[in-house]
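Below: one structure, written as C-alpha coordinates.
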Amino acid sequence: MFTSEKGVVEEWLSEFKTLPETSLPNYATNLKEKSSLVSSLYKVIQEPQSELLEPVCHQLFEFYRSGEEQLLRFTLQFLPELIWCYLAVSASRNVHSSGCIEALLLGVYNLEIVDKQGHSKVLSFTIPSLSKPSVYHEPSSIGSMALTESALSQHGLSKVVYSGPHPQREMLTAQNRFEVLTFLLLCYNAALTYMPRVSLQSLCQICSRICVCGYPRQHVRKYKGISSRVPVSSGFMVQMLTGIYFAFYNGEWDLAQKALDDIIYRAQLELYPEPLLVANAIQASLPHGAMRSSKEGTRCIQVEITPTSSRISRNAVTSMSIRGHRWKRHEQPDNNNDTTELGILVIPEISVTNVSGERTGNGERGRTLGEIDAQHMQGVQETATDPRTESKGLPEIRRQKSVRKMMEDGINSPGRVQF
(Lines give C-alpha, C1' and ligand atoms only; values in the text may rest on other atoms or scores of the structure.)
Protein backbone atom coordinates (compact mmCIF):
# COMPACT_ATOMS: atom_id res chain seq x y z
CA MET A 1 0.00 0.00 0.00
CA PHE A 2 1.37 3.34 -1.05
CA THR A 3 1.81 6.29 1.24
CA SER A 4 -0.67 8.41 -0.72
CA GLU A 5 -3.37 5.74 -0.38
CA LYS A 6 -2.65 5.40 3.32
CA GLY A 7 -3.01 9.16 3.71
CA VAL A 8 -6.42 9.10 1.98
CA VAL A 9 -7.69 6.45 4.40
CA GLU A 10 -6.35 8.25 7.47
CA GLU A 11 -7.97 11.50 6.34
CA TRP A 12 -11.29 9.67 5.88
CA LEU A 13 -11.04 8.18 9.39
CA SER A 14 -10.39 11.52 11.05
CA GLU A 15 -12.99 13.43 9.01
CA PHE A 16 -15.92 11.32 10.15
CA LYS A 17 -15.00 11.62 13.83
CA THR A 18 -15.31 15.41 13.76
CA LEU A 19 -18.40 15.48 11.55
CA PRO A 20 -21.57 17.02 13.11
CA GLU A 21 -24.75 14.99 12.87
CA THR A 22 -26.62 17.66 10.88
CA SER A 23 -24.17 17.47 7.96
CA LEU A 24 -24.34 13.66 7.74
CA PRO A 25 -26.64 13.52 4.65
CA ASN A 26 -24.39 15.82 2.62
CA TYR A 27 -21.34 13.85 3.69
CA ALA A 28 -23.00 10.59 2.60
CA THR A 29 -23.91 12.05 -0.80
CA ASN A 30 -20.36 13.21 -1.52
CA LEU A 31 -18.78 10.01 -0.23
CA LYS A 32 -19.80 7.80 -3.16
CA GLU A 33 -17.99 10.10 -5.59
CA LYS A 34 -14.58 9.52 -3.96
CA SER A 35 -13.29 6.72 -6.15
CA SER A 36 -9.73 7.03 -4.81
CA LEU A 37 -11.00 6.39 -1.27
CA VAL A 38 -12.91 3.27 -2.37
CA SER A 39 -9.88 1.76 -4.09
CA SER A 40 -7.70 2.52 -1.04
CA LEU A 41 -10.21 0.84 1.27
CA TYR A 42 -10.19 -2.29 -0.91
CA LYS A 43 -6.42 -2.50 -0.54
CA VAL A 44 -6.68 -2.15 3.24
CA ILE A 45 -9.23 -5.00 3.43
CA GLN A 46 -7.08 -7.22 1.21
CA GLU A 47 -4.15 -6.91 3.64
CA PRO A 48 -5.08 -8.76 6.86
CA GLN A 49 -1.91 -7.55 8.60
CA SER A 50 -2.56 -3.87 7.87
CA GLU A 51 -2.67 -1.58 10.91
CA LEU A 52 -5.54 0.35 9.34
CA LEU A 53 -7.81 -2.70 9.01
CA GLU A 54 -9.27 -2.50 12.50
CA PRO A 55 -10.19 1.25 12.44
CA VAL A 56 -11.57 0.85 8.91
CA CYS A 57 -13.84 -2.03 10.00
CA HIS A 58 -14.97 -0.04 13.01
CA GLN A 59 -15.87 3.00 10.91
CA LEU A 60 -17.69 0.88 8.32
CA PHE A 61 -19.81 -0.53 11.15
CA GLU A 62 -20.52 3.00 12.38
CA PHE A 63 -21.70 3.85 8.87
CA TYR A 64 -24.02 0.85 8.84
CA ARG A 65 -25.74 1.61 12.13
CA SER A 66 -25.97 5.37 11.54
CA GLY A 67 -29.38 4.98 9.91
CA GLU A 68 -28.33 6.91 6.80
CA GLU A 69 -29.27 4.85 3.75
CA GLN A 70 -26.34 5.93 1.58
CA LEU A 71 -23.82 5.21 4.34
CA LEU A 72 -25.35 1.76 4.74
CA ARG A 73 -24.91 1.06 1.02
CA PHE A 74 -21.35 2.36 1.20
CA THR A 75 -20.54 -0.38 3.72
CA LEU A 76 -22.47 -3.03 1.76
CA GLN A 77 -20.34 -2.56 -1.35
CA PHE A 78 -17.33 -4.04 0.51
CA LEU A 79 -19.27 -7.08 1.73
CA PRO A 80 -18.06 -9.59 -0.96
CA GLU A 81 -14.43 -8.67 -0.29
CA LEU A 82 -14.93 -8.91 3.47
CA ILE A 83 -16.50 -12.38 3.12
CA TRP A 84 -13.63 -13.58 0.96
CA CYS A 85 -11.02 -12.29 3.38
CA TYR A 86 -12.75 -14.00 6.29
CA LEU A 87 -13.09 -17.34 4.44
CA ALA A 88 -9.49 -17.19 3.22
CA VAL A 89 -8.19 -16.56 6.75
CA SER A 90 -10.43 -19.30 8.14
CA ALA A 91 -9.20 -21.79 5.54
CA SER A 92 -5.59 -21.00 6.44
CA ARG A 93 -6.45 -21.52 10.15
CA ASN A 94 -5.13 -18.08 11.08
CA VAL A 95 -8.28 -17.05 12.93
CA HIS A 96 -6.65 -14.36 15.09
CA SER A 97 -5.91 -12.08 12.12
CA SER A 98 -9.59 -11.93 11.10
CA GLY A 99 -11.07 -10.75 14.41
CA CYS A 100 -12.06 -7.26 13.20
CA ILE A 101 -13.58 -8.59 9.97
CA GLU A 102 -15.55 -11.21 11.89
CA ALA A 103 -16.81 -8.54 14.29
CA LEU A 104 -17.96 -6.36 11.37
CA LEU A 105 -19.80 -9.25 9.71
CA LEU A 106 -21.48 -10.23 12.97
CA GLY A 107 -22.48 -6.61 13.63
CA VAL A 108 -24.10 -6.24 10.21
CA TYR A 109 -25.88 -9.58 10.62
CA ASN A 110 -27.29 -8.74 14.06
CA LEU A 111 -28.52 -5.36 12.79
CA GLU A 112 -30.27 -6.89 9.77
CA ILE A 113 -32.20 -9.63 11.56
CA VAL A 114 -34.19 -7.13 13.67
CA ASP A 115 -36.33 -4.14 12.78
CA LYS A 116 -36.15 -0.64 14.24
CA GLN A 117 -38.16 -1.68 17.28
CA GLY A 118 -35.81 -4.57 18.00
CA HIS A 119 -38.19 -7.35 16.93
CA SER A 120 -37.01 -10.25 14.80
CA LYS A 121 -37.64 -9.90 11.07
CA VAL A 122 -39.49 -12.53 9.07
CA LEU A 123 -38.87 -12.20 5.35
CA SER A 124 -41.51 -13.55 2.98
CA PHE A 125 -41.56 -14.20 -0.73
CA THR A 126 -44.53 -15.29 -2.82
CA ILE A 127 -43.68 -17.74 -5.57
CA PRO A 128 -45.46 -16.54 -8.73
CA SER A 129 -48.07 -18.78 -10.32
CA LEU A 130 -48.12 -19.60 -14.02
CA SER A 131 -51.85 -18.85 -14.07
CA LYS A 132 -51.17 -15.13 -13.50
CA PRO A 133 -49.48 -13.06 -16.25
CA SER A 134 -46.16 -11.34 -15.59
CA VAL A 135 -43.44 -9.52 -17.55
CA TYR A 136 -41.85 -12.90 -18.24
CA HIS A 137 -44.81 -14.93 -19.54
CA GLU A 138 -48.43 -14.92 -20.62
CA PRO A 139 -50.67 -17.84 -19.61
CA SER A 140 -52.21 -17.94 -23.10
CA SER A 141 -48.77 -18.40 -24.73
CA ILE A 142 -47.93 -21.53 -22.78
CA GLY A 143 -50.10 -23.67 -25.06
CA SER A 144 -52.60 -26.36 -24.32
CA MET A 145 -52.67 -27.23 -20.64
CA ALA A 146 -54.53 -29.84 -18.71
CA LEU A 147 -55.86 -27.14 -16.38
CA THR A 148 -57.19 -23.84 -17.66
CA GLU A 149 -56.15 -20.47 -16.28
CA SER A 150 -59.33 -20.07 -14.25
CA ALA A 151 -59.00 -23.56 -12.83
CA LEU A 152 -55.41 -22.89 -11.78
CA SER A 153 -56.35 -19.67 -10.04
CA GLN A 154 -59.16 -21.40 -8.15
CA HIS A 155 -56.81 -24.08 -6.85
CA GLY A 156 -54.80 -21.47 -4.94
CA LEU A 157 -51.37 -22.59 -6.05
CA SER A 158 -49.60 -19.47 -4.74
CA LYS A 159 -46.93 -20.48 -2.25
CA VAL A 160 -45.25 -18.17 0.25
CA VAL A 161 -41.70 -18.87 1.41
CA TYR A 162 -40.61 -17.49 4.77
CA SER A 163 -37.10 -16.75 6.02
CA GLY A 164 -36.63 -16.18 9.73
CA PRO A 165 -36.69 -15.36 12.49
CA HIS A 166 -32.92 -15.64 12.68
CA PRO A 167 -31.15 -15.99 16.05
CA GLN A 168 -28.61 -13.53 17.37
CA ARG A 169 -24.98 -14.61 16.99
CA GLU A 170 -22.09 -13.64 19.24
CA MET A 171 -19.36 -15.42 17.29
CA LEU A 172 -18.88 -17.33 14.04
CA THR A 173 -18.30 -21.06 14.31
CA ALA A 174 -18.10 -23.90 11.83
CA GLN A 175 -21.77 -24.70 12.50
CA ASN A 176 -23.27 -21.23 11.99
CA ARG A 177 -20.69 -19.70 9.63
CA PHE A 178 -22.54 -20.18 6.37
CA GLU A 179 -25.90 -19.47 7.90
CA VAL A 180 -24.63 -15.98 8.72
CA LEU A 181 -22.74 -15.49 5.46
CA THR A 182 -25.70 -16.65 3.37
CA PHE A 183 -27.98 -14.13 5.08
CA LEU A 184 -25.40 -11.38 4.53
CA LEU A 185 -25.25 -12.17 0.81
CA LEU A 186 -29.05 -12.06 0.77
CA CYS A 187 -28.90 -8.50 2.17
CA TYR A 188 -26.25 -7.60 -0.41
CA ASN A 189 -28.38 -8.96 -3.27
CA ALA A 190 -31.34 -6.91 -2.06
CA ALA A 191 -29.28 -3.76 -2.76
CA LEU A 192 -27.65 -4.88 -6.01
CA THR A 193 -29.10 -2.04 -8.03
CA TYR A 194 -27.25 0.48 -5.86
CA MET A 195 -23.89 -1.27 -5.96
CA PRO A 196 -21.12 0.34 -8.02
CA ARG A 197 -19.32 -1.46 -10.78
CA VAL A 198 -16.21 -2.15 -8.70
CA SER A 199 -18.37 -4.03 -6.19
CA LEU A 200 -19.85 -6.26 -8.91
CA GLN A 201 -16.34 -7.00 -10.16
CA SER A 202 -15.28 -7.95 -6.63
CA LEU A 203 -18.31 -10.25 -6.30
CA CYS A 204 -17.51 -12.16 -9.51
CA GLN A 205 -13.85 -12.50 -8.57
CA ILE A 206 -14.44 -13.81 -5.06
CA CYS A 207 -17.04 -16.28 -6.34
CA SER A 208 -14.46 -17.75 -8.71
CA ARG A 209 -11.78 -17.89 -6.02
CA ILE A 210 -14.03 -19.54 -3.45
CA CYS A 211 -15.07 -22.24 -5.92
CA VAL A 212 -11.67 -23.21 -7.38
CA CYS A 213 -9.16 -22.71 -4.56
CA GLY A 214 -7.58 -26.04 -3.66
CA TYR A 215 -8.78 -27.71 -6.89
CA PRO A 216 -6.95 -28.31 -10.21
CA ARG A 217 -8.79 -25.41 -11.84
CA GLN A 218 -6.92 -22.98 -9.58
CA HIS A 219 -3.82 -23.46 -11.74
CA VAL A 220 -5.88 -22.79 -14.88
CA ARG A 221 -7.23 -19.55 -13.38
CA LYS A 222 -3.74 -18.67 -12.07
CA TYR A 223 -5.06 -17.61 -8.68
CA LYS A 224 -2.33 -17.02 -6.13
CA GLY A 225 -2.64 -16.89 -2.39
CA ILE A 226 -4.17 -19.73 -0.46
CA SER A 227 -4.05 -23.24 -1.90
CA SER A 228 -6.39 -24.92 0.58
CA ARG A 229 -10.03 -25.65 -0.19
CA VAL A 230 -12.69 -23.23 1.03
CA PRO A 231 -15.84 -25.01 2.25
CA VAL A 232 -19.17 -23.70 0.91
CA SER A 233 -22.81 -24.54 1.43
CA SER A 234 -25.55 -25.04 -1.13
CA GLY A 235 -27.55 -21.98 -0.05
CA PHE A 236 -24.45 -19.79 -0.11
CA MET A 237 -23.75 -20.78 -3.72
CA VAL A 238 -27.35 -19.98 -4.72
CA GLN A 239 -26.94 -16.46 -3.28
CA MET A 240 -23.69 -16.07 -5.22
CA LEU A 241 -25.55 -17.01 -8.41
CA THR A 242 -28.14 -14.31 -7.74
CA GLY A 243 -25.49 -11.60 -7.76
CA ILE A 244 -23.70 -13.10 -10.76
CA TYR A 245 -26.92 -13.17 -12.78
CA PHE A 246 -27.32 -9.44 -12.13
CA ALA A 247 -23.70 -8.80 -13.12
CA PHE A 248 -24.28 -10.47 -16.51
CA TYR A 249 -26.60 -7.69 -17.65
CA ASN A 250 -24.88 -4.78 -15.88
CA GLY A 251 -21.52 -4.45 -17.58
CA GLU A 252 -19.60 -7.48 -16.25
CA TRP A 253 -20.32 -10.15 -18.84
CA ASP A 254 -16.83 -11.67 -18.99
CA LEU A 255 -16.24 -11.88 -15.23
CA ALA A 256 -19.76 -13.18 -14.63
CA GLN A 257 -19.33 -15.87 -17.29
CA LYS A 258 -16.10 -17.05 -15.67
CA ALA A 259 -17.70 -17.08 -12.22
CA LEU A 260 -20.70 -19.04 -13.51
CA ASP A 261 -18.44 -21.70 -15.02
CA ASP A 262 -16.51 -22.01 -11.75
CA ILE A 263 -19.70 -22.34 -9.69
CA ILE A 264 -20.96 -25.11 -11.98
CA TYR A 265 -17.55 -26.79 -11.65
CA ARG A 266 -17.67 -26.67 -7.85
CA ALA A 267 -21.35 -27.67 -7.63
CA GLN A 268 -20.65 -30.75 -9.74
CA LEU A 269 -17.81 -31.72 -7.44
CA GLU A 270 -19.91 -31.19 -4.31
CA LEU A 271 -23.06 -32.75 -5.89
CA TYR A 272 -25.22 -29.81 -4.82
CA PRO A 273 -28.56 -30.00 -6.72
CA GLU A 274 -29.83 -26.47 -5.98
CA PRO A 275 -26.80 -24.55 -7.35
CA LEU A 276 -26.66 -26.88 -10.36
CA LEU A 277 -30.33 -26.25 -11.13
CA VAL A 278 -30.03 -22.47 -10.84
CA ALA A 279 -26.69 -22.27 -12.67
CA ASN A 280 -27.86 -24.42 -15.58
CA ALA A 281 -31.06 -22.38 -15.85
CA ILE A 282 -29.02 -19.16 -16.01
CA GLN A 283 -26.66 -20.62 -18.58
CA ALA A 284 -29.54 -21.84 -20.75
CA SER A 285 -31.23 -18.42 -20.68
CA LEU A 286 -28.16 -16.42 -21.71
CA PRO A 287 -28.11 -15.04 -25.27
CA HIS A 288 -25.35 -16.79 -27.21
CA GLY A 289 -22.86 -14.40 -28.78
CA ALA A 290 -25.03 -11.34 -28.18
CA MET A 291 -22.84 -9.73 -25.52
CA ARG A 292 -19.17 -9.95 -26.40
CA SER A 293 -17.75 -7.10 -24.36
CA SER A 294 -18.13 -6.29 -20.70
CA LYS A 295 -17.46 -2.57 -21.24
CA GLU A 296 -20.66 -1.63 -23.02
CA GLY A 297 -22.52 -0.42 -19.96
CA THR A 298 -25.76 -1.49 -18.38
CA ARG A 299 -27.82 -4.09 -20.18
CA CYS A 300 -31.41 -5.16 -19.87
CA ILE A 301 -33.25 -8.43 -20.24
CA GLN A 302 -35.37 -8.42 -23.40
CA VAL A 303 -38.81 -9.96 -23.03
CA GLU A 304 -41.87 -9.95 -25.30
CA ILE A 305 -44.89 -8.36 -23.64
CA THR A 306 -48.29 -8.97 -25.21
CA PRO A 307 -51.07 -6.34 -25.06
CA THR A 308 -53.02 -6.22 -21.81
CA SER A 309 -56.43 -6.33 -23.52
CA SER A 310 -57.59 -9.73 -24.69
CA ARG A 311 -57.79 -10.26 -28.42
CA ILE A 312 -60.72 -12.65 -28.03
CA SER A 313 -62.90 -10.13 -26.23
CA ARG A 314 -62.04 -7.40 -28.76
CA ASN A 315 -62.96 -9.48 -31.82
CA ALA A 316 -65.76 -11.56 -30.31
CA VAL A 317 -68.89 -11.79 -32.51
CA THR A 318 -72.08 -11.06 -30.58
CA SER A 319 -75.64 -10.13 -31.50
CA MET A 320 -74.95 -6.50 -30.62
CA SER A 321 -71.87 -6.35 -32.83
CA ILE A 322 -73.83 -7.84 -35.78
CA ARG A 323 -76.70 -5.37 -35.26
CA GLY A 324 -74.25 -2.48 -35.02
CA HIS A 325 -72.51 -3.62 -38.19
CA ARG A 326 -75.83 -3.60 -40.08
CA TRP A 327 -76.71 -0.11 -38.87
CA LYS A 328 -73.28 1.15 -39.85
CA ARG A 329 -73.66 -0.35 -43.32
CA HIS A 330 -77.05 1.29 -43.91
CA GLU A 331 -75.93 4.67 -42.60
CA GLN A 332 -72.91 4.96 -44.89
CA PRO A 333 -73.79 6.47 -48.32
CA ASP A 334 -72.84 4.35 -51.28
CA ASN A 335 -70.58 6.63 -53.30
CA ASN A 336 -68.77 3.90 -55.14
CA ASN A 337 -71.05 4.14 -58.20
CA ASP A 338 -69.68 7.61 -58.95
CA THR A 339 -66.16 6.25 -59.47
CA THR A 340 -67.03 3.14 -61.43
CA GLU A 341 -65.72 2.54 -64.88
CA LEU A 342 -67.64 3.93 -67.83
CA GLY A 343 -69.95 1.46 -69.45
CA ILE A 344 -71.14 -0.03 -66.13
CA LEU A 345 -73.58 2.77 -65.37
CA VAL A 346 -76.82 2.15 -63.56
CA ILE A 347 -79.88 2.92 -65.73
CA PRO A 348 -82.00 5.56 -64.01
CA GLU A 349 -85.62 4.79 -63.22
CA ILE A 350 -87.95 6.29 -65.82
CA SER A 351 -91.61 7.12 -65.26
CA VAL A 352 -93.97 5.22 -67.51
CA THR A 353 -97.00 7.48 -67.13
CA ASN A 354 -98.00 10.04 -69.74
CA VAL A 355 -98.28 13.76 -69.18
CA SER A 356 -101.93 13.72 -68.23
CA GLY A 357 -101.22 11.14 -65.55
CA GLU A 358 -103.23 8.32 -67.24
CA ARG A 359 -101.68 4.83 -67.02
CA THR A 360 -100.99 3.12 -70.33
CA GLY A 361 -102.12 -0.33 -71.27
CA ASN A 362 -100.17 -3.43 -70.55
CA GLY A 363 -99.14 -3.97 -74.16
CA GLU A 364 -98.25 -0.36 -74.76
CA ARG A 365 -96.33 -0.23 -71.47
CA GLY A 366 -94.20 -3.22 -72.41
CA ARG A 367 -93.51 -1.85 -75.85
CA THR A 368 -92.69 1.61 -74.55
CA LEU A 369 -90.29 0.32 -71.92
CA GLY A 370 -88.54 -1.88 -74.43
CA GLU A 371 -87.99 0.92 -76.91
CA ILE A 372 -86.85 3.39 -74.25
CA ASP A 373 -84.44 0.89 -72.68
CA ALA A 374 -82.98 -0.02 -76.05
CA GLN A 375 -82.43 3.60 -77.01
CA HIS A 376 -80.97 4.43 -73.59
CA MET A 377 -78.54 1.49 -73.60
CA GLN A 378 -77.46 2.40 -77.13
CA GLY A 379 -76.59 5.91 -75.90
CA VAL A 380 -74.69 4.50 -72.95
CA GLN A 381 -72.68 2.13 -75.16
CA GLU A 382 -71.83 4.93 -77.55
CA THR A 383 -70.69 7.02 -74.62
CA ALA A 384 -68.56 4.19 -73.20
CA THR A 385 -66.86 3.46 -76.54
CA ASP A 386 -66.08 7.09 -77.28
CA PRO A 387 -62.40 7.58 -76.37
CA ARG A 388 -62.93 11.30 -75.85
CA THR A 389 -65.28 10.66 -72.98
CA GLU A 390 -63.13 8.16 -71.09
CA SER A 391 -61.67 10.92 -68.96
CA LYS A 392 -65.01 12.73 -68.53
CA GLY A 393 -67.08 10.25 -66.56
CA LEU A 394 -68.90 12.70 -64.31
CA PRO A 395 -70.09 15.10 -67.10
CA GLU A 396 -71.58 12.14 -69.00
CA ILE A 397 -73.52 11.08 -65.94
CA ARG A 398 -74.91 14.62 -65.61
CA ARG A 399 -75.92 14.56 -69.32
CA GLN A 400 -77.86 11.34 -68.83
CA LYS A 401 -79.63 12.85 -65.85
CA SER A 402 -80.57 15.93 -67.92
CA VAL A 403 -82.03 13.67 -70.62
CA ARG A 404 -84.09 11.93 -67.94
CA LYS A 405 -85.33 15.31 -66.67
CA MET A 406 -86.37 16.35 -70.19
CA MET A 407 -88.27 13.11 -70.71
CA GLU A 408 -90.13 13.54 -67.41
CA ASP A 409 -91.07 17.17 -68.29
CA GLY A 410 -92.69 16.06 -71.56
CA ILE A 411 -90.29 17.75 -73.98
CA ASN A 412 -90.06 16.05 -77.34
CA SER A 413 -86.76 14.38 -77.97
CA PRO A 414 -85.50 11.91 -80.55
CA GLY A 415 -85.62 9.11 -78.01
CA ARG A 416 -89.16 9.95 -76.70
CA VAL A 417 -92.10 7.80 -77.77
CA GLN A 418 -95.33 9.70 -78.31
CA PHE A 419 -98.74 8.14 -77.59
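Note: hydrogens, waters and symmetry copies are ignored here, and every other heavy atom, side chains too, is used. All of these numbers come straight from a predicted model, not from anything done at the bench.
Using the six-membered ring where Trp is involved, Phe16 and Tyr27 have ring planes that are tilted, between 30° and 60° apart. Ring pair Trp12/Phe74 is tilted by interplanar angle, where 30° to 60° counts as tilted.
Annotation: salt bridge (Lys or Arg N to Asp or Glu O under 4.0 Å) contacts involving residues 10-24, sequence neighbours excluded, comprise Glu15-Lys34. Applying the salt bridge (Lys or Arg N to Asp or Glu O under 4.0 Å) definition to pairs two or more places apart or across chains, those involving residues 62-78 are Glu62-Arg65, Glu69-Arg73. Among residues at least two apart or in separate chains, salt bridge (Lys or Arg N to Asp or Glu O under 4.0 Å) pairs with a member in residues 106-124 are Glu112-Lys121. Residue pairs meeting the salt bridge (Lys or Arg N to Asp or Glu O under 4.0 Å) criterion with at least one member in residues 177-194, sequence neighbours excluded, are Arg169-Glu179.
Glu54 is linked by a salt bridge (Lys or Arg N to Asp or Glu O under 4.0 Å) to nothing, counting only residues two or more places apart in sequence or in another chain. The side chain to side chain donor-acceptor pair (under 3.5 Å) search around Glu274 returns Ser234, not counting sequence neighbours. Partners of Gln218 under the side chain to side chain donor-acceptor pair (under 3.5 Å) rule, at least two apart in sequence or in another chain, do not exist in this structure. Remark: Arg221 engages Asp262 in a side chain to side chain donor-acceptor pair (under 3.5 Å) (not counting sequence neighbours). Applying the side chain to side chain contact (heavy atoms under 4.5 Å, CB included) criterion to Glu81, with sequence neighbours excluded, gives Tyr42, Ile45, Gln46, Trp84, Cys85, Ser202, Ile206. Looking at residues two or more places apart in sequence or on another chain, you find a side chain to side chain donor-acceptor pair (under 3.5 Å) between Glu51 and Lys6. Considering only residues two or more places apart in sequence or on other chains, Ser23 meets the side chain to side chain contact (heavy atoms under 4.5 Å, CB included) condition with Leu19, Pro20. Under the side chain to side chain contact (heavy atoms under 4.5 Å, CB included) criterion, Pro165 pairs with Ser120, Val122, not counting sequence neighbours.
Heavy atoms only, all atoms of each residue included: Ser40 and Val9 are closest at CB-CG2, 3.6 Å. The nearest pair of heavy atoms linking Val160 to Ser124 is CG1-CB, 4.0 Å. For the residue pair Ser208 and Tyr223, the shortest heavy atom distance occurs at CB-OH, 3.2 Å. The nearest pair of heavy atoms linking Leu185 to Gln239 is CB-CB, 3.9 Å. Between Ser285 and Tyr249, the shortest heavy-atom distance links the atoms O-OH, 4.1 Å. Residues Ser233 and Phe178 approach most closely at OG-CB, 3.6 Å, considering heavy atoms.
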Exercise for the section: Run the numbers on Leu123 and Val161 for side chain to side chain contact (heavy atoms under 4.5 Å, CB included), then give the verdict. Expected result: CA-CA 8 Å; Leu123 306 178; Val161 179; over 6 Å; no

Practice task
Verify side chain to side chain contact (heavy atoms under 4.5 Å, CB included) between Gln77 and Val38, making sure each step is shown before the conclusion.
Solution key: CA-CA 9 Å; Gln77 69 176 324; Val38 174; 4.2 Å; yes

Practice task
Please step through side chain to side chain contact (heavy atoms under 4.5 Å, CB included) for the pair Gln283 and Asp261, ending with a clear verdict.
Solution key: CA-CA 9 Å; Gln283 196 172 41; Asp261 295 339; 3.7 Å; yes

Practice task
Evaluate side chain to side chain contact (heavy atoms under 4.5 Å, CB included) for Tyr109 paired with Leu181, printing each intermediate quantity in order.
Solution key: CA-CA 8 Å; Tyr109 169 81; Leu181 297 181; over 6 Å; no

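Atom CG of Asn250 is separated from atom CG of Leu192 by 8.5 Å, given to the nearest 0.5 angstrom. Distance check: Leu260 CG to Tyr245 OH gives 11.0 Å after rounding to the nearest 0.5 Å. Rounding to the nearest 0.5 Å gives a distance of 10.0 Å between SG of Cys100 and CG of Leu105. Note that OG1 of Thr75 and CZ of Phe63 are 6.5 Å apart. Values are rounded to the nearest 0.5 Å. Between Cys204 atom SG and Asp254 atom CG the span is 10.0 Å, to the nearest 0.5 Å. Here the CD1-CG distance, from Ile101 to Leu172, works out to 11.5 Å after rounding to the nearest 0.5 Å.
Within 6.0 Å of OH in Tyr194 there are 12 or fewer heavy atoms belonging to other residues, nucleotides or ligands. Taking a 6.0 Å sphere around NE2 of His166, one finds it holds more than 12 heavy atoms contributed by other residues, nucleotides or ligands.
Contact check for Leu71 versus Leu24: side-chain heavy atoms found under the 4.5 Å cut-off. Inter-residue side-chain proximity for Glu270 and Pro275 is flagged as unmet; no heavy-atom pair is nearer than 4.5 Å. Leu79 places none of its side-chain heavy atoms less than 4.5 Å from the side chain of Leu203. Counting heavy atoms from C-beta on, the side chains of Ile244 and Ile282 never come closer than 4.5 Å. Side-chain atoms of Glu102 and Val89, non-hydrogen and from C-beta on, never get closer than 4.5 Å to each other. By the 4.5 Å heavy-atom criterion applied to side chains, Leu104 and Phe78 are not counted as neighbours. Side-chain contact check for Gln70 versus Leu31: every heavy-atom pair is 4.5 Å or farther apart. Inter-residue side-chain proximity for Arg209 and Val230 is flagged as unmet; no heavy-atom pair is nearer than 4.5 Å.
The backbone N or O of Val232 sits less than 3.5 Å from a side-chain atom of Tyr272, completing a donor-acceptor pair. In this structure, Ser199 contributes its side chain and Pro196 its backbone to no donor-acceptor pair below 3.5 Å. The main-chain N or O of Ile210 is found under 3.5 Å from a side-chain atom of Arg266 such that the two form a donor-acceptor pair. Arg229 places a side-chain N or O within donor-acceptor distance of the main-chain N or O of Gly214, the cut-off being under 3.5 Å.
The existence of a salt bridge linking Glu47 and Lys43 is excluded, since no basic side-chain nitrogen approaches an acidic carboxylate oxygen closer than 4.0 Å.
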